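Note that the coordinates shown come from a computational prediction; the quantities given were computed from them, not determined experimentally.
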Amino acid sequence: MKRALVASPAESARIAEAELRARYEWVDPGEAELIVALGGDGFMLQTLHAMLERHRTVPVYGMNRGTVGFLMNSYDPAGLDARLARARTFAVTPLRMEASTIEGEHVSLPAINEVSLLRETRQTAKLEVMVNGRVVIEELVCDGVLVATPAGSTAYNLSANGPILPLGSALHALTPISPFRPRRWRGAVIPESARIRFRVLEPVKRPVSAVADQREVRDVTQVEIGIDHAASLSLMFDPEHALDERIAMEQFMV
């Protein structure tokens with residue numbers, strides 16, 4: 001199988017890249033049937049988004065040369081062929097964010113981990129929340145709110161006290177960030193087939209930005225989020241460090 005090697009700009013990733021290039025044969029990413037990515041979780045997301053932009057996706061096997069490396073395997077330059085041969089492949093389906101701005105711009109972006117709406121100033125955001133065309137919260141007063149996939153449920157979502165979702169659960173987490181009203185609302189778990197829409201109630205006085213993973217759209221008036229079945233991605237993991245097991249075990253971390 002033809003494989004390509006990509007690495008983050010971090011020094012540790014560049015050193016590992018030089019070591020692997022000396023040991024194995026590689027092709028250009030445009031010709032590859034598999035990509036090996038060196039870096040952290042942020043670089044893994046960049047690699048996946050780059051494939052989505054090119055409209056050509058292949059499986060990605062990541063090795064951690066970053067900080068957390070939740071989406072990565074451990075780094076070891078030896079025995080790469082054997083590791084790739086026995087790796088387990090997991091399908092990850094991203095979200096699609098459709099955002100409208102005060103100036104009338106429309107932006108469509110994918111999100112692998114989550115879509116977040118965040119207040120831009122010291123004033124809280126005021127949002128109307130709709131699920132499948134039905135208003136479920138007339139006015140959510142908060143610092144923000146996010147919609148997370150199972151793959152992203154252990155990232156920002158978990159930090160915001162959202163639920164951990166098993167991989168393959170076909171669920172999304174709808175999690176508020178520092179909610180003020182409704183006072184007791186702590187979020188919801190909804191089917192991945194649901195369409196979620198947020199309407200910013202005071203977009204000029206209380207401006208809100210929308211962030212799809214690492215890409216931000218400022219001064220939004222409305223954001224609609226749903227699953228993007230046309231953009232499935234494949235991540236590869238060593239059997240002893242598979243993504244589904246990692247997500248499940250995060251429930252027992254203290």
Side-chain angles (χ1 to χ4, degrees), residues 1-8 10 12-13 16-17 20 23-24 29 32-52 57-95 110-114 147-159 162-173 175 189 191-192 213-214 227-229 231-254:
M1 179 178 291
K2 294 186 291 185
R3 61 195 177 207
L5 181 65
V6 296
S8 80
S12 59
E17 180 186 21
L20 288 175
R23 284 175 174 252
Y24 305 99
E33 300 169 281
L34 182 152
I35 289 178
V36 175
L38 304 173
D41 290 339
F43 184 70
M44 172 61 83
L45 290 177
Q46 290 179 30
T47 302
L48 297 173
H49 277 284
M51 289 196 300
L52 290 175
T57 62
V58 298
V60 181
Y61 181 87
M63 287 198 283
N64 188 22
R65 292 287 81 192
T67 305
V68 179
F70 189 83
L71 297 174
M72 316 298 279
N73 299 282
S74 61
Y75 176 72
D76 186 347
L80 180 60
D81 291 329
R83 292 178 72 180
L84 293 175
R86 66 189 184 92
R88 293 176 60 192
T89 301
F90 293 85
V92 175
T93 307
L95 298 167
I112 297 160
N113 272 1
E114 76 277 317
V147 178
T149 66
S153 66
T154 57
Y156 190 8
N157 172 71
L158 183 58
S159 297
I164 295 175
L165 304 176
L167 201 65
S169 63
L171 298 172
H172 288 152
T175 302
V189 175
E192 69 170 20
D213 286 343
Q214 302 158 333
I227 198 76
D228 188 354
H229 288 289
S232 182
L233 297 161
S234 297
L235 300 182
M236 300 175 66
F237 292 88
D238 296 328
E240 62 271 20
H241 296 292
L243 184 60
D244 56 348
E245 183 179 347
R246 288 189 185 188
I247 291 175
M249 291 308 297
E250 280 290 318
Q251 299 176 87
F252 305 99
M253 300 297 288
V254 295

Result of checking Asn64, Leu243, Leu48, Ile112 against Leu71 for side chain to side chain contact (heavy atoms under 4.5 Å, CB included):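 So the option named by the test is Leu243.
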Does Pro163 reach the side chain of Thr175, with side-chain heavy atoms less than 4.5 Å apart?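 Yes; the side chains approach each other to less than 4.5 Å.
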Validation row: Leu34, Val58 side chains within 4.5 angstrom (heavy atoms):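 A side-chain contact under 4.5 Å is absent here.
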Does [X] use its side chain to pair, donor to acceptor, with the backbone of [Y] at less than 3.5 Å?
X     : Y      : value
Glu17 : Leu38  : no
Arg83 : Asp238 : no
Glu33 : Lys2   : yes

Mind checking side chain to side chain donor-acceptor pair (under 3.5 Å) for Asn113 and listing every partner two or more places apart, or none if nothing turns up?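 Result, side chain to side chain donor-acceptor pair (under 3.5 Å) vs Asn113: none returned.
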How close do [X] and [Y] get, counting heavy atoms only, and between which atoms?
X      : Y      : result
Phe237 : Phe70  : CE2-O, 4.3 Å
Met236 : Pro59  : SD-CB, 3.7 Å
Glu114 : Ala155 : OE1-CB, 4.3 Å
Ser153 : Ile247 : OG-CG2, 4.5 Å

Nearest 0.5 Å, please: how far is CG in Leu52 from OG1 in Thr57?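 One finds 7.0 Å between OG1 of Thr57 and CG of Leu52.
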